[in-house]
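Here is the structure we will look at, set down as structure tokens.
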2 protein chains.
Amino acid sequence: MTRKNAAAEVVRTLRERILSGALQEGTALRQEKIATELGVSRIPVREALTQLEAEGLVKIVSHIGAIVAEWSLEEIRQTFEMRAVLETWILGAALPFMTEADLLKAEAVIEEMETADLEGWGQMNWRFHEALYSPSRKDHVIAMLRKTHENIDRFLHMHMKLTDGRKKAQTDHRQLLELCRAKDFHRSEAVLRNHILDVSDRLVESVELGRKIAAAQRPRRRQRRKITPEAQQTGDLSGDLPTKPT
Amino acid sequence: MTRKNAAAEVVRTLRERILSGALQEGTALRQEKIATELGVSRIPVREALTQLEAEGLVKIVSHIGAIVAEWSLEEIRQTFEMRAVLETWILGAALPFMTEADLLKAEAVIEEMETADLEGWGQMNWRFHEALYSPSRKDHVIAMLRKTHENIDRFLHMHMKLTDGRKKAQTDHRQLLELCRAKDFHRSEAVLRNHILDVSDRLVESVELGRKIAAAQRPRRRQRRKITPEAQQTGDLSGDLPTKPT
DNA sequence: GAGTCACAAATTGGATACAATTTTGCCACC
DNA sequence: GGTGGCAAAATTGTATCCAATTTGTGACTC
């Protein structure tokens with residue numbers, strides 16, 4: 001299968017690496033290096049970086065370079081607050097239209113999550129939430145929320161790796177599901193709100209801890225072009241793209 | 001004064017043209033044409049288009065081209081709903097910290113808007129809202145809202161050009177300001193909510209009307225590359241950028 | 001020895017050139 | 001007259017090359 005778009009493929013690869021934590025925040029993304037490792041020229045790489053910057057995953061400084069974006073704890077907190085506000089609202093808007101079929105779909109996702117590994121967990125988590133919101137028919141809002149989820153997914157990933165918050169999430173999800181089934185507007189919104197804000201608090205702690213650990217692991221190596229190549233990664237990306245057959 | 005970044009300048013120019021309505025929705029954005037008219041190569045133009053796509057102002061289809069993004073009425077409606085939800089929330093969060101200085105700043109913007117022309121109106125409108133939200137200290141949320149405002153600014157622009165909704169907006173703004181001064185949480189949020197949703201309803205009507213007018217004005221010219229170059233614009237952009245001195 | 005200036009190396013930004021893809025105009029054919 | 005297919009034209013995607021910018025290094029000065 002031949003790809004249509006080198007740039008799109010680079011975006012996919014880099015995004016995956018960032019979301020999974022393979023490329024940690026602060027890591028320098030050198031165009032040339034990525035280009036050679038992925039078997040393309042720098043042009044599609046630059047385009048990919050631009051797109052990822054728009055997504056909030058990468059930060060580009062003109063003439064200096066690109067790094068995996070570092071979100072402040074405050075930014076993360078506020079993003080979760082926004083989620084709490086928007087998602088409780090959209091849940092309320094969805095409840096009147098929610099059918100048993102919707103609930104069963106959400107329930108199936110919960111079951112799936114029981115045995116899911118860490119990698120796929122974040123995406124499934126979103127699929128659960130989405131199942132509850134989609135009856136609202138507010139597709140554009142949902143699309144926006146999906147982007148938000150994706151952006152903070154890497155922090156969720158880090159959190160779930162450090163602590164085992166998945167159990168708590170599962171019970172929250174089941175409780176939320178039952179309240180939705182009972183069409184209990186007030187309590188379902190309250191549970192959702194608490195679920196989001198609770199995860200936020202714990203997650204922020206995890207991120208803080210994770211950053212301290214990461215900082216302790218690399219006290220050596222001094223700055224270079226104002227951008228520290230952290231663990232001199234950029235990861236070995238070779239093999240992710242088929243090298244051009246000339 | 002020599003610019004640092006050709007791409008950034010192209011973004012600025014194109015964004016301005018789109019927001020002001022000089023480039024109408026659906027207009028094809030041909031890379032080569034824009035490049036020559038702005039005196040740069042296609043590389044920065046492509047980068048600009050990518051960025052604008054992320055902002056939601058442009059839509060790019062691989063191997064086909066870019067057009068000024070066409071938002072469905074439903075998308076516009078939902079965006080305003082999100083605004084209503086988020087902005088009432090953040091207003092409530094800002095109220096306890098709001099000082100007379102903040103109120104005076106907002107009041108000054110209202111005064112400024114009395115005599116503002118259509119072009120600058122949208123930006124001032126945002127400055128007013130921002131003044132009320134900034135005491136919340138939720139900078140990241142505010143930044144996000146700014147982007148949202150900017151995205152729908154072009155529809156607001158179209159609306160204000162067709163109907164004279166500015167008078168109504170001004171009275172709404174003054175009323176909101178006084179309720180904030182009185183720290184009346186409940187009523188200020190209600191007024192803000194109604195203000196946003198009311199504008200939304202009227203604006204959607206205007207956009208619908210505006211599109212009908214636009215459609216009637218160009219029944220000729222058949223499709224070309226699946227993208228209709230609407231009023232064969234791309235506008236005369238020459239002169240916006242200093243042509244490179246060789 | 002510390003600070004400073006100049007120059008070299010590394011890296012990104014942009015322009016030109018070429019390849020790939022899509023559209024369209026044209027012509028045969030039904 | 002309409003339709004399908006093929007080739008040319010137009011346009012986008014990518015590679016390569018050159019320019020601009022930043023950072024690192026070392027010599028020189030005080």
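Proteins come first, then strands; the chains are lettered A, B, ... in the order of their sequence lines, and each starts at number 1.
- Each of A:Ser41 and A:Ser62 has a nearest nucleotide on DNA chain D; the 5'-most of these lies closest to A:Ser41.
- OP1 or OP2 of C:dG13 lies within a sub-4.0 Å distance of a side-chain N or O belonging to A:Gln31.
- Side chain to side chain, A:His140 and B:Glu81 fail the donor-acceptor criterion of an N or O pair below 3.5 Å.
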Using atom types as modelled, flag every donor-acceptor pair under 3.5 Å from a side chain in residues 120-128 of chain A to any protein atom, sequence neighbours excluded.
from     : atom 1 : to       : atom 2 : distance (Å)
A:Asn125 : OD1    : A:His173 : NE2    : 3.3
A:Arg127 : NH2    : A:Glu112 : OE1    : 3.0

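- Within the structure, salt bridge (Lys or Arg N to Asp or Glu O under 4.0 Å) pairs that include any residue of residues 146-156 of chain A comprise A:Arg15-A:Glu150, A:Glu130-A:Arg146 (at least two apart or interchain).
- Distance CD (A:Glu32) to C1' (D:dC17): 12 Å, rounded to an integer number of Å.
- Checked by distance alone, B:Arg42 brings a side-chain donor or acceptor within 3.5 Å of a matching partner on the base of D:dG13.
- Distance from the side chain of A:Ala7 is smallest to D:dT14 among D:dT14, C:dT12, C:dG14.
- For residues 43-56 of chain A, proximity to DNA chain D is found at A:Ile43, A:Pro44, defined as any non-hydrogen atom under 4.0 angstrom from a strand atom.
- With C:dG14, D:dT12, D:dT14 as the candidates, the nucleotide lying closest to the side chain of A:Ala6 is D:dT14.
- The phosphate of D:dT12 (OP1 or OP2) has a side-chain N or O of B:Arg30 nearer than 4.0 angstrom.
- Rounded to an integer number of Å, the gap from A:Leu38 CG to D:dA15 C1' is 16 Å.
- In this entry the distance linking CD1 of B:Ile67 with C1' of D:dT11 reads 16 Å, nearest Å.
- One can place NE2 of A:His63 at 10 Å from C1' of C:dT11, the figure rounded to the nearest angstrom.
- Distances shown here put every side-chain N or O of B:Asn5 at or beyond 4.0 Å from the OP1 or OP2 atom of C:dT12.
- For B:Glu208, the side chain to side chain contact (heavy atoms under 4.5 Å, CB included) test picks out B:Leu73, with sequence neighbours left out.
- With sequence neighbours excluded, the residues forming a salt bridge (charged side-chain N to carboxylate O under 4.0 Å, His left out) with A:Arg202 are A:Asp198, listed by chain and number.
- Partners of A:Glu205 according to the salt bridge (charged side-chain N to carboxylate O under 4.0 Å, His left out) rule, which considers only residues two or more places apart in sequence or in another chain, do not exist here.
- Atom CD1 of A:Ile34 is separated from atom CZ of A:Arg17 by 11.5 Å, given to the nearest 0.5 angstrom.
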